[in-house]
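Position 1 is the first residue of the sequence, and the numbers go up from there.
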Amino acid sequence: MAGLCEGGNEPPGSLKANKYLTVLFHPEDYPLQHIAVKYALQHINVDPELLPGTELYRVDLNVSQSDSFAVGKRVCGLASEGIAAVFGPRTPDTTGIVESICETLEIPHMEIYPTSPRFPARCLINLHPAEESISKAIVDVVTNFLHWRTFTVLYETEAGLIRLQDVLKAHGPNDPPITVRQFLPGSDQRQLLKDINASKQYHILLECEADHVIEVLRQAREIGMMGDYHSYFITSLCAVSSTQKFLVQQHITTSKHQANKQLNSKQRQLFLTQPTTSNVRSEFNIDLCRSLISADIPLYKLKNKVFREFLEKYTQHTIPDESTLRKTYAPSIYDETIQKIRDEIKDSSIWVSIDETPDKEGRLVGNVVIGLLSEQYSERILLHCDVLEKCNNKTIVKLFNEAMGILWPKGIMYDNVLFFISDAALIWSKLDKHYLLYILN
């Protein structure tokens with residue numbers, strides 16, 4: 001514990017007004033929190049326009065996480081000597097007494113952690129975003145940026161699930177299903193991750209304590225869930241612990257990192273979120289992605305060095321990585337294509353064909369093909385593909401309903417499916433009367 005200023009026990013004499021800021025730390029907050037406060041005050045003091053005629057000094061208090069009486073006594077002692085503001089603490093057991101003292105003595109109280117004031121607070125300023133704002137931001141990212149139509153919610157605590165309730169509410173009854181899974185007891189989540197991986201779900205919305213994020217991702221990597229097709233959205237605002245952040249800061253000052261940074265700056269990929277000229281280049285990226293898909297050219301062909309150099313030479317554009325096209329641009333092209341199919345079909349009568357075929361990895365892939373029933377010839381449309389755990393009557397019915405839900409998201413028009421084709425006689429023999437009526441009415 002210290003009542004020390006940056007220049008010694010007493011600040012040096014000057015014409016400036018001296019203001020003391022009390023900062024409440026816990027023992028485990030060292031050293032990064034101290035460094036952050038130190039440089040923040042230095043930045044304010046050297047800038048003559050921020051607080052002209054004022055010099056700020058910090059008074060550090062190393063306080064207990066649970067002994068609210070001791071914390072309150074020490075804050076009162078400093079308040080009697082005169083302080084301009086109080087920062088912290090960060091635990092709910094000691095926050096209440098500090099809030100009460102600051103409200104009574106009308107001392108500005110700053111917090112940077114998610115807390116709810118126990119009474120109407122006039123002097124409390126919480127810089128942490130409100131839970132409602134965070135929840136809305138998560139929904140916006142999932143729906144409008146990532147364009148995830150189906151995903152798995154992996155949460156640690158009940159409070160975390162409540163935080164994600166807006167995400168669950170935004171998912172309509174006619175949307176593709178999402179899965180909600182809670183952490184297993186203990187720190188080993190490998191079995192849970194294996195179950196998610198076996199379900200062929202590649203989009204994970206991870207809600208857990210910040211200190212646990214790195215360990216969960218490490219376990220996911222061990223079982224092969226950190227590949228090109230896996231995407232994680234981590235909702236924790238700070239997913240790096242103090243020790244890990246300190247090691248990262250040490251690494252970025254090394255000559256090796258600086259050399260790699262200069263090299264990567266020359267080969268930097270272009271993303272939709274880049275400012276200035278990126279809008280034009282983003283239009284090029286989406287046209288490139290659309291052209292490759294239309295020509296049945298796999299996106300991974302962009303890894304070919306000769307092909308990339310050819311495109312860059314004659315288009316005068318930096319060619320993005322295939323993962324950028326797949327994750328950032330392909331979903332919007334898919335949505336455009338599905339909308340064109342909906343506009344073409346509308347409420348017309350259609351025929352449906354479902355067939356399954358093994359891919360090169362031996363997985364059963366179900367394909368749903370549709371077409372208009374009319375006097376004129378209509379093109380066959382591949383509406384939906386999905387990996388089947390097994391091929392039977394239940395998986396075929398599920399595949400059918402998923403495909404029709406994509407075509408008619410506001411409500412499946414079963415009466416408009418007049419013709420159903422499949423070469424799986426065994427499946428037809430196992431379809432009971434209820435399923436047949438459900439599909440063909």
Side-chain angles (χ1 to χ4, degrees), residues 147-153 167-181 194-205 229 331 334-335 337-374 378-441:
H147 301 290
W148 285 1
R149 303 177 65 253
T150 179
F151 52 91
T152 294
V153 175
V167 178
L168 304 179
K169 291 178 181 178
H171 205 75
N174 295 323
D175 294 331
I178 62 175
T179 305
V180 180
R181 302 291 299 270
K194 288 179 180 178
D195 294 341
I196 296 174
N197 196 34
S199 67
K200 307 301 179 184
Q201 180 57 259
Y202 302 111
H203 299 322
I204 310 297
L205 182 61
Y229 292 94
Y334 169 81
D335 292 338
T337 304
I338 291 298
Q339 189 57 50
K340 289 179 181 178
I341 295 174
R342 291 170 181 164
D343 294 339
E344 179 180 351
I345 299 298
K346 295 182 180 178
D347 56 354
S348 303
S349 299
I350 64 170
W351 57 266
V352 177
S353 174
I354 295 182
D355 193 12
E356 72 287 340
T357 182
D359 63 6
K360 65 178 182 179
E361 297 182 2
R363 299 175 300 182
L364 279 179
V365 179
N367 304 288
V368 181
V369 181
I370 65 172
L372 284 170
L373 282 174
S374 62
S378 65
E379 293 287 341
R380 292 170 294 177
I381 301 172
L382 178 61
L383 178 62
H384 183 48
C385 296
D386 200 1
V387 177
L388 306 176
E389 295 181 5
K390 57 180 69 176
C391 185
N392 56 32
N393 57 317
K394 293 183 180 179
T395 57
I396 293 298
V397 168
K398 180 182 178 182
L399 182 65
F400 172 87
N401 286 329
E402 289 177 353
M404 296 303 101
I406 294 173
L407 179 62
W408 292 306
K410 295 183 180 180
I412 299 177
M413 301 180 182
Y414 291 104
D415 291 341
N416 291 22
V417 182
L418 301 184
F419 197 55
F420 187 88
I421 308 170
S422 176
D423 62 355
L426 181 61
I427 294 175
W428 280 104
S429 66
K430 290 185 178 181
L431 282 173
D432 57 25
K433 183 178 179 181
H434 170 75
Y435 280 137
L436 287 172
L437 291 175
Y438 190 54
I439 294 177
L440 303 178
N441 196 22

- Item | Side chain Asn367, main chain Cys385, donor-acceptor under 3.5 Å |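 Checked: no pair found.
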
- Side-chain (Trp351) to main-chain (Val369) donor-acceptor, under 3.5 angstrom: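 No, because the side chain of Trp351 does not come within donor-acceptor range (under 3.5 Å) of the backbone of Val369.
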
Residue pair [X] / [Y]: nearest heavy atoms and the distance that separates them:
{"X": "Pro358", "Y": "Leu364", "result": "N-CD2, 4.3 Å"}
{"X": "Ala403", "Y": "Val368", "result": "CB-CG1, 3.6 Å"}
{"X": "Leu372", "Y": "Ser348", "result": "CD2-CB, 3.4 Å"}
{"X": "Thr150", "Y": "Pro176", "result": "CB-CB, 4.1 Å"}

How long is the straight-line distance from [atom2] of [Y] back to [atom1] of [X], given to the nearest 0.5 Å?
{"X": "Ser353", "Y": "Ile370", "atom1": "OG", "atom2": "CD1", "answer": "11.0 Å"}
{"X": "Arg181", "Y": "Leu205", "atom1": "CZ", "atom2": "CG", "answer": "15.0 Å"}
{"X": "Leu418", "Y": "Ser349", "atom1": "CG", "atom2": "OG", "answer": "4.0 Å"}
{"X": "Lys340", "Y": "Ile381", "atom1": "NZ", "atom2": "CD1", "answer": "12.0 Å"}
{"X": "Leu383", "Y": "Thr337", "atom1": "CG", "atom2": "OG1", "answer": "11.5 Å"}
{"X": "Leu407", "Y": "Glu344", "atom1": "CG", "atom2": "CD", "answer": "10.0 Å"}

Is any side-chain heavy atom of [Y] closer than 4.5 Å to one of [X]?
{"X": "Ile178", "Y": "Gln201", "result": "no"}
{"X": "Asp347", "Y": "Met413", "result": "yes"}
{"X": "Leu168", "Y": "Val153", "result": "yes"}
{"X": "Leu388", "Y": "Arg363", "result": "no"}
{"X": "Ile406", "Y": "Arg149", "result": "yes"}
{"X": "Ile350", "Y": "Ile345", "result": "yes"}
{"X": "Phe400", "Y": "Thr395", "result": "no"}
{"X": "Tyr334", "Y": "Gln339", "result": "no"}

- Message: Check this for me: does any side-chain nitrogen of one of Lys398 and Asp386 sit under 4.0 Å from a carboxylate oxygen of the other?
- Response: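 Between Asp386 and Lys398 there is no salt bridge, as every charged N stays at least 4.0 Å from the carboxylate O atoms.
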
- Task: Specify whether His203 and Trp148 have parallel, tilted or perpendicular ring planes, treating 30° as the upper limit for parallel and 60° as the lower limit for perpendicular.
- Result: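 Answer is parallel, since the angle falls under 30°.
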
- Query: Counting only heavy atoms not in Arg342, do more than 12 fall under 6.0 Å of its CZ?
  - Reply: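 Yes, CZ of Arg342 has more than 12 neighbouring heavy atoms, counting only those of other groups under 6.0 Å.
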
- Taking the six-membered ring for Trp and the full ring for Phe, Tyr or His, determine whether the centres of Tyr202 and Phe151 are under 6.0 Å apart.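 Judged by ring-centre distance (under 6.0 Å), Tyr202 and Phe151 do not meet the cut-off.
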
